[in-house]
Every structure is written in structure tokens, then in C-alpha cells.
Asks: 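One structure coming up, written as C-alpha cells, with questions to follow.
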Amino acid sequence: METADRSDAPVIVVLDGPAGTGKSTVSREIASRLGLSFLDTGAMYRAMTYWLLQNGVDVDDPEAVANASAKPVILSGTDASGPTITVDGQDVSGPIRGPEVTAAVSAVSAVAEVRTRLVELQRGSAHAAPRGIVAEGRDMGTVVFPAADLKVFLTASVDTRAARRAAQLGLQDPAEVAAIMADIERRDAADSGRATAPLRKADDAVEVDTSEMSPDEVIDHIIGLVRQRAAVPVSR
Ligand code: DC
């Protein structure tokens with residue numbers, strides 16, 4: 001009986017963890033292989049930050065951020081084969097990855113009103129996903145989807161995360177790698193130390209240290225965990 005119930009219900013798989021653990025790549029591929037939708041919630045915080053910067057809102061003034069946070073229309077397309085993110089109809093998938101947004105996003109995502117608004121959109125996306133969703137971020141398991149079928153907390157050493165980010169950006173200069181590491185450590189501290197929905201492993205999350213694993217190994221491992229807990233179709 002339990003299996004029948006589970007096979008009917010949309011599957012919710014969540015991945016949380018600090019910057020540079022490979023959450024986005026791994027989550028999207030898992031969603032794709034299982035035929036589920038995919039939600040990159042960091043992109044939503046980045047899209048909010050981009051809009052605030054474009055509209056001259058002081059991102060270091062929490063009250064100004066809170067007052068503006070209801071204004072942008074943020075839409076996430078959750079097709080794992082081509083996720084999209086728009087603000088007021090504009091495709092912002094490129095600019096939200098730029099250094100200005102990356103530098104400001106931790107301050108914006110610490111504002112409670114921003115989180116309330118985006119959490120509502122995130123739950124709406126999961127609700128609208130026909131077969132279920134793989135959602136990644138910082139508070140998926142602790143706040144947004146406390147009843148998820150599977151919660152994963154991805155970790156990796158800060159050196160590994162900095163090296164991966166540097167490789168993605170094609171950087172080799174030790175000074176540049178050190179700067180990336182400093183930025184990762186700054187964001188880790190801000191995301192873990194904030195009062196509202198700090199980055200934290202949910203008590204019932206499975207921790208996966210990816211330092212010594214390839215992306216494919218991480219993906220296969222997590223798909224195995226999903227299959228233990230939820231009725232999902234055979235991989236495509
Ligand atoms: O995953 P990312 O680097 O794109 O996330 C950008 C920032 O957004 C990150 O520094 C913290 C914030 N964030 C958050 O507070 N909660 C989430 N669920 C996802 C991201």
C-alpha cells in the first residue's frame with residue numbers, strides 16, 4: 001500500500017551545500033536522468049540581486065531590499081534539459097553569474113522578506129512539476145521542503161571547491177585561485193552565519209563528501225539513494 005502511495009506522489013529530492021560543491025551540475029543531471037523537473041534556487045536569489053542592482057537599490061540596506069523585494073517578477077523554467085531564469089521577462093541567465101551579483105547575493109539572501117517571497121515561488125514550482133522535482137540550494141531540506149523524499153547535503157574541502165571553480169573559469173594563477181578560495185570562504189561564512197534559514201545540514205539529510213568523487217560517481221550514488229526511497233522510473 002505504501003509503495004502505491006509513493007508511486008503516485010510527485011518525488012521531491014533536495015540537495016543543499018556550500019558554494020562550489022557541484023550541486024547545480026549534479027542536481028540537473030539527476031533530474032534529467034530521472035525525468036524530473038529541476039530548480040536552481042541560487043539562480044532565483046541571484047536574479048533578485050540583479051534586479052535590485054539594476055534598479056539602484058542599496059543591497060547593503062536590508063530595509064531597502066525588503067521594501068523592493070516584492071517588485072521583480074522572477075520566473076524559473078524547470079525543464080532539466082534547458083532551465084531558464086527571467087526577471088520582468090528578461091533572460092538573466094548570463095548576467096546573474098557575473099562578479100557584481102556574486103559579491104552582493106549573500107547580503108540580499110540574508111533578508112527575511114526576500115526569502116519569504118522566493119520560498120513561496122519555489123514551493124509553487126515543485127507543486128507545478130508533473131512528476132516531481134530536484135531542487136538545490138542552501139535551505140531546501142531545512143526550510144523549503146522539510147518532507148522531501150531524499151535530502152542530500154553535499155560537501156567538499158574548500159581547496160577542492162576553489163580548484164573546481166578555477167578550472168571552470170580557466171584560471172591557473174595561484175593568486176587567482178587564492179582569491180576564489182577567499183570568496184568561497186566569505187560566502188560560506190555569510191550563508192552559514194545569517195539569522196534566517198542559515199546553510200545547515202538537515203538532521204535527516206545524507207551527507208556526501210564529493211572531494212574524491214567524479215561528478216558521475218556523485219550522480220550515480222545519489223540516484224541509488226533516490227531509488228531506495230521513492231518510486232521513480234528507470235533512468236533514460
Ligand atoms: O548556489 P549559488 O552560488 O548560485 O547561490 C547564490 C547565493 O544565493 C548563495 O551565496 C546563497 C544564496 N542562496 C540561499 O541563500 N538560499 C538558497 N536556497 C540558494 C542560494
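From a predicted model like this one, the values you see are computed outputs, not experimental measurements. Just so you know, ligand 1 is whichever comes first in the structure, and atom 1 is the first atom listed for that ligand.
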Asks: Inspect the contact between Arg229 and Asp149 and indicate whether a charged nitrogen and a carboxylate oxygen are less than 4.0 angstrom apart.
Replies: no

Asks: Heavy-atom distance under 4.5 Å between the side chains of Val144 and Thr41, does that happen here?
Replies: no

Asks: Answer whether the closest heavy-atom distance between the side chains of Leu150 and Ile222 falls below 4.5 Å.
Replies: yes

Asks: Please tell me if the side chains of Gln228 and Leu225 come closer than 4.5 Å, counting only heavy atoms from C-beta onward.
Replies: yes

Asks: Quick one: does Arg115 get an N or O within less than 3.5 Å of an N or O on ligand 1?
Replies: yes

Asks: Which one of Met140, Arg138, Gln122 has a non-hydrogen atom at the shortest distance from atom 9 (C) of ligand 1?
Replies: Arg138

Asks: Is there side-chain contact between Asp16 and Lys201, with at least one heavy-atom pair below 4.5 Å?
Replies: no

Asks: Record the part of Met48 in heavy-atom contact with ligand 1 below 4.0 Å; permitted values are side chain, backbone, both and neither.
Replies: neither

Asks: From atom 20 (C) of ligand 1, work out which of Ser192, Ser106, Ala110, Gly42 has a heavy atom at the shortest distance.
Replies: Gly42

Asks: Of all the atoms in ligand 1, which lie at a distance below 4.0 Å from a heavy atom belonging to Thr41?
Replies: 17 (C), 18 (N), 19 (C)

Asks: Is the shortest side-chain N to carboxylate O distance from Asp139 to Arg115 below 4.0 Å?
Replies: yes

Asks: Would you indicate which of Val105, Asp191, Leu199 comes nearest to atom 7 (C) of ligand 1 when only heavy atoms are counted?
Replies: Val105

Asks: Flag Lys23 as yes when one of its N or O atoms lies below 3.5 Å from any N or O atom of ligand 1, and as no otherwise.
Replies: no

Asks: So, does Arg97 sit close enough to ligand 1 that a heavy atom of it is under 4.0 Å from the ligand?
Replies: yes

Asks: Looking only at protein heavy atoms, identify the closest one to atom 3 (O) of ligand 1 and say how far it is in Å.
Replies: Arg187 NH1, 2.9 Å

Asks: Measure across Arg164 and Ala156 and return the closest heavy-atom pair with its distance rounded to 0.1 Å.
Replies: NH1-CB, 4.0 Å

Asks: Are the side chains of Asp40 and Ser76 in touch, meaning some heavy atoms are under 4.5 Å apart?
Replies: no

Asks: Which heavy atom of the protein is the closest neighbour of atom 4 (O) of ligand 1, given with residue, atom name and distance?
Replies: Arg46 NE, 2.7 Å

Asks: Looking only at protein heavy atoms, which one is nearest to atom 12 (C) of ligand 1, and what is the separation?
Replies: Ser109 OG, 3.6 Å

Asks: Under 3.5 Å, N or O to N or O, is Arg194 touching ligand 1 that way?
Replies: yes

